[in-house]
S.K.: 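Quick one: structure below, then a few questions.
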Amino acid sequence: MAGIFYLKGAIMFDPTAIPMYKPEEIEPKWQARWEHDKLYQPWNDPDKTKFYALTMLPYTSGDLHIGHWYAMAPSDARARFKRMQGYNVFFPMGFDAFGLPAENAAIKNNTHPKTWTYNNVERMRAQLKTMGNSFDWRSEIVTADPKYYRWTQWWFEQFYKHDLAYQKFAPVDFCPSCNTTLAREQVKGEERLCERCGTPVIKKNLKQWFFRASNYSEELLRFDGIDWPEVIRTLQTKWIGKSEGASIIFHTEAEDALEVFTTRPDTLWGATFMVLSPEHPLVDKLTTEAQAEMVQAYRQQAARQSDIQREALDREKTGVFTGSYAVNPASGQHIPIWIADYVLMTYGTGAIMAVPAHDKRDFDFARKFNLPITVVIQPDGLESINAAALTEAVEAHGMMVNSGPLTGTPGNLSFEKAVEFAEANGFGHRSVNYRFHDWLISRQRYWGAPIPVVYCPHCGTVLVPDEQLPVELPDDIEWTQKGDNPLVIHPTWKHTTCPNCGGPAERETDTMDTFMCSSWYHLRYLSPDYETYPFDPEQAKFWLPVDTYTGGSEHATMHLIYTRFFHKAARDCGILEGDEPMLQLRNQGMVLGEDGEKMSKSRGNVVNPDDLVQKYGADTVRAYLIFFSRWDQGGPWSYSGIEGNARWLRRVWSMFLEPETTHVDADVLKALRRKTHQTLRSLSYDYENFEFNTIVSGLMELLNMMARAKAAGAYGTPEWNECVDIYLRMLAPVCPHIAEELWERLGKPYSIHNQAWPKLDEEAAKDEEITLVVQVNGKLRDRMIVSPEISKEEMQAAALSSDAVRGELAGREPKKIIVVPGKLVNVVV
RNA sequence: GGGGCGGUGGCGGAAUAGGCAGACGCAAAGGACUUAAAAUCCUUCGAUGGUGACAUUGUGUGGGUUCGACCCCCACCCGCCCUACCA
């Protein structure tokens with residue numbers, strides 16, 4: 001109370017005092033004005049170079065968290081910098097609004113996914129606006145809006161028409177008690193129990209929709225012409241998982257073909273058994289009566305395990321003999337066929353030839369089940385190996401032994417020769433295998449864009465005609481105890497007429513993966529209300545591709561690969577031009593809790609941006625986030641750290657507004673100008689190169705210089721005024737509100753955000769003197785203040801005249817003298 | 001097991017081309033202002049030795065290349081993230 005009285009008193013009794021910095025007043029004021037004046041709405045200005053700055057749109061989870069701020073504030077600062085540089089910048093924002101959490105929340109809170117989602121959109125939009133970003137809200141999209149998903153459905157139809165979408169059976173997680181499919185997130189724990197009823201989940205084959213993403217595997221491995229972080233490129237490359245090898249066709253004793261993929265055709269003669277994935281389609285046929293019971297039991301158990309569990313390396317191998325045999329096409333040997341869960345149906349052909357002598361996994365398996373081991377490779381420099389004495393598989397390449405006609409083939413030729421042999425004998429060929437699969441887009445969920453397909457008993461699969469799009473989600477839905485998809489149990493929704501023959505037909509009840517929605521949102525931003533096409537072609541021609549895309553690297557193998565596929569597919573449908581959707585990608589790191597751990601409710605280390613805005617204002621929060629660490633690295637939050645940025649902005653405020661006059665010293669003014677332009681030079685570099693933290697520290701440094709200059713009477717001089725002008729422009733992208741407010745208070749024309757980036761005066765930025773570093777044998781011995789124009793000879797002479805150097809030399813002759821112009825002299829003795 | 005990123009004061013971090021390590025900020029200590037507190041301002045602040053200018057030492061560890069290494073090379077240790085039986 002006393003403090004407040006004192007404060008009021010100060011204002012009442014000291015009319016000359018400048019007003020306090022009150023972000024809570026100036027920030028909403030400017031946000032409203034900018035919006036009213038449509039300050040951030042570019043539109044095809046042909047005189048300017050376009051710049052499409054895009055940051056990943058948030059999922060409508062309910063609250064904007066500090067991570068969103070961390071992703072968006074620096075992206076906004078850079079977009080603003082680009083605007084000031086004269087680019088025509090488009091920086092849109094929207095909401096990723098479909099998805100499972102909405103359904104779960106709706107069921108839990110007894111509300112509707114639409115209500116939940118749109119409430120969150122409202123809330124998050126308001127929160128976003130407190131950041132003061134330069135978003136063009138005209139372009140906002142909500143992916144759950146029928147206006148939007150009408151075009152998501154349109155895209156599906158284009159892909160279908162161009163044979164890039166197809167249907168096939170694929171295994172999904174299924175709860176036999178609830179009688180419904182589950183999303184991966186709904187399967188809980190190691191035991192893989194249904195989230196709702198606790199029943200063990202099984203894998204079930206259902207007919208589902210796919211996009212032919214694997215057609216693009218090879219192209220997706222190329223990153224020509226795009227500037228994406230190496231980490232992302234590596235992750236995508238590994239995810240696509242190209243491996244070169246051979247396809248080998250084995251035959252069972254019953255003459256069924258059994259194709260395998262191997263990267264080691266040279267070990268073919270050592271294949272002493274085969275292993276099929278438990279889900280392999282031939283298992284039933286191969287299983288003999290005597291083995292039927294064991295095989296069945298094993299398959300059931302395997303069906304319940306997640307891939308993760310099955311793939312755990314340290315898990316002991318398990319498996320069951322089918323009772324059948326195959327013939328090794330090279331050796332003619334009859335070899336047993338087993339099933340084991342270490343062979344995955346999702347990779348290769350779901351079957352392998354097992355070469356225990358030369359593959360670790362096969363070796364473990366063979367040892368456990370006493371299967372024969374044959375050595376067929378003798379690596380150079382290794383003692384002659386024999387199967388009985390092996391303690392581990394020998395995976396190194398080497399000379400082929402024990403391999404029929406190819407015995408003696410050296411290691412460097414073995415791959416080629418083995419493939420040639422297989423080709424010549426008609427049982428195999430060279431082949432390339434990818435880990436990357438076609439994109440399964442079917443989701444047995446309500447809250448997604450319905451797949452616009454009708455199944456007609458006469459006409460088969462029929463696309464919903466364009467004029468009938470969107471296929472809208474019904475609002476009147478019910479949730480059953482069992483958790484069925486409301487679209488399936490809805491009394492009327494799925495019943496429709498065939499667009500082809502007019503007879504009764506049923507709608508597809510699956511909806512699309514939400515990554516479908518986010519694969520093309522950057523196109524819809526360009527013309528969110530355009531009614532005859534997913535985007536206005538003229539706008540697309542002007543704005544595409546995206547120049548800078550920012551967001552989290554956790555999307556490397558999902559969104560960021562899907563959106564690249566989507567673009568290429570659209571290109572091949574003749575809809576888009578160019579090979580890549582986003583030219584430059586940059587990823588931010590993660591803000592951790594004060595304890596250095598990932599933020600989580602259970603840890604109690606979550607930082608709430610709304611509270612921070614209330615306490616410090618958005619500019620301070622933005623400045624702190626930009627300042628505290630390298631953007632691509634992230635790091636721990638600090639509540640005391642942000643105080644430093646709050647202090648800085650208060651200093652800026654009073655520095656610029658509090659007048660002060662005394663005598664002026666010309667040297668001080670020159671130094672101020674020098675520092676001003678030096679800062680301008682380094683900050684221009686930092687903004688361009690996403691080195692945000694040094695932007696703020698550079699501004700702090702310049703402010704410190706200004707304080708000294710002000711104390712020496714620089715306030716109000718032309719040099720001072722120039723400094724203030726440049727300072728505010730450099731500050732504007734990071735702290736747009738305070739920069740605008742000070743700009744106005746200093747009588748400059750609205751708006752600072754329409755001002756040009758300052759021009760660098762190279763001459764002013766030049767150092768008047770430099771510190772010459774003098775070393776003897778690489779150790780610092782002296783420093784001298786010299787002119788920057790000093791010649792190499794003069795530098796050397798100056799260094800040798802140094803007392804410290806002379807003392808160190810003690811009469812000895814220098815062996816060598818290294819002179820680095822403008823920097824240092826190193827005298828070697 | 002594989003891949004990636006990182007390790008610099010009490011803390012977060014700078015060092016843009018191999019050339020003054022520790023910019024900037026936080027915390028801490030001392031001081032000024034104030035009845036007092038907050039705010040603000042000033043000073044100090046890697047370690048060791050010295051009253052001091054200064055000297056020695058110092059960027060995870062060990063080695064190497066170089067006139068000179070936080071930076072390049074080799075080996076190792078630690079932390080975090082991702083990935084995981086990929087045939």
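Predicted model only: the values in this text are computed from it and were never measured. Side chains are part of it too, since the values below use all heavy atoms of this structure and drop only hydrogens, waters and symmetry mates.
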S.K.: If you only use heavy atoms from C-beta on, which nucleotide in rC20(B), rU40(B), rA87(B) is closest to the side chain of Phe261(A)?
M.R.: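 Among the listed nucleotides, the one closest to the side chain of Phe261(A) is rA87(B).
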
S.K.: If I take atom NZ from residue Lys675(A) and atom CZ from residue Arg708(A), how far apart are they, to the nearest 0.5 angstrom?
M.R.: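 Atom-to-atom, Lys675(A):NZ and Arg708(A):CZ are 8.0 Å apart.
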
S.K.: Output a table of nitrogen or oxygen pairs between the protein and nucleotides 65-67 of chain B separated by less than 3.5 Å.
M.R.:
| residue | atom | partner | partner atom | Å |
| --- | --- | --- | --- | --- |
| rC67(B) | OP1 | Lys816(A) | NZ | 3.3 |
| rC67(B) | O2' | Asn826(A) | ND2 | 3.3 |
| rC67(B) | O2 | Asn826(A) | ND2 | 2.3 |

S.K.: Check whether any side-chain nitrogen or oxygen of Asn693(A) sits under 4.0 Å from OP1 or OP2 of rA14(B), and answer yes or no.
M.R.: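 Answer yes for this pair, as a side-chain N or O of Asn693(A) is under 4.0 Å from OP1 or OP2.
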
S.K.: Looking at rG10(B), which nucleotide sits across from it as a Watson-Crick or G-U wobble partner, both distances under 3.5 angstrom, or is there none?
M.R.: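 Looking at the geometry, rG10(B) pairs with rC26(B).
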
S.K.: So which one's nearest nucleotide on RNA chain B is more toward 5', Val773(A) or Asn704(A)?
M.R.: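 Its nucleotide being nearer the 5' end, the pick is Val773(A).
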
S.K.: Does anything in residues 234-250 of chain A reach RNA chain B, meaning a heavy atom under 4.0 Å, and if so which residues?
M.R.: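 Here the set is Leu235(A), Lys238(A), Ser243(A).
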
S.K.: I need the NZ-P distance between Lys823(A) and rG68(B), as an integer number of Å.
M.R.: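 In whole Å, rG68(B) P and Lys823(A) NZ are 18 Å from each other.
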
S.K.: Sort out the partner of rG46(B) for me: Watson-Crick or G-U wobble, both distances under 3.5 Å, none otherwise.
M.R.: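 Result: rU57(B).
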
S.K.: Test Leu703(A) against every option in Leu731(A), Thr679(A), Val652(A) by the side-chain contact (heavy atoms from CB on, under 4.5 Å) rule and name the one that passes.
M.R.: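 Running side-chain contact (heavy atoms from CB on, under 4.5 Å) over Leu731(A), Thr679(A), Val652(A) with Leu703(A) returns exactly one hit, Val652(A).
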
S.K.: Is Arg781(A) near enough to rU56(B) that one of its side-chain N or O atoms lies under 4.0 angstrom from OP1 or OP2?
M.R.: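 Arg781(A) to rU56(B) OP1/OP2: side-chain N or O found under 4.0 Å.
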
S.K.: Report yes if a side-chain nitrogen or oxygen of Arg647(A) is closer than 4.0 Å to either non-bridging phosphate oxygen (OP1 or OP2) of rC26(B); otherwise report no.
M.R.: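 Checking rC26(B) against Arg647(A), a side-chain N or O does come within under 4.0 Å of OP1 or OP2.
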
S.K.: Please determine whether a side-chain nitrogen or oxygen atom of Arg650(A) lies at a distance below 4.0 Å from atom OP1 or OP2 of rU40(B).
M.R.: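 Looking at the OP1 and OP2 atoms of rU40(B), one of them is under 4.0 Å from a side-chain N or O of Arg650(A).
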
S.K.: Is there a side-chain polar atom (N or O) of Arg708(A) under 4.0 Å from OP1 or OP2 of rC41(B)?
M.R.: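 False: Arg708(A) side-chain N/O out of range (4.0 Å or more) of rC41(B) OP1/OP2.
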
S.K.: rA21(B) and rA69(B): how far apart are their C1' atoms, nearest whole angstrom?
M.R.: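 It comes out at 12 Å once rounded to the nearest Å.
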
S.K.: Taking atom P in both rA47(B) and rA36(B), what distance in whole Å separates the two?
M.R.: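 About 33 Å, rounded to a whole number of Å.
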
S.K.: Please state the P separation for the pair rG13(B) and rG18(B) - nearest whole angstrom.
M.R.: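 To the nearest whole Å, 22 Å.
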
S.K.: When you check the phosphate oxygens OP1 and OP2 of rC86(B), does a side-chain N or O of Arg361(A) lie under 4.0 Å from one of them?
M.R.: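 Arg361(A) to rC86(B) OP1/OP2: side-chain N or O found under 4.0 Å.
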
S.K.: Using the P atom in both, what is the distance from rA23(B) to rG10(B), to the nearest Å?
M.R.: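 Taking atom P in both rA23(B) and rG10(B), they lie 14 Å apart.
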
S.K.: Does rG1(B) have a Watson-Crick or wobble partner in any strand here, with both distances under 3.5 angstrom, and which is it?
M.R.: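 Base partner found: rU83(B).
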
S.K.: With a cut-off of less than 4.0 Å, is there a side-chain N or O of Lys779(A) near OP1 or OP2 of rU57(B)?
M.R.: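 For rU57(B), OP1 or OP2 has a side-chain N or O of Lys779(A) closer than 4.0 Å.
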
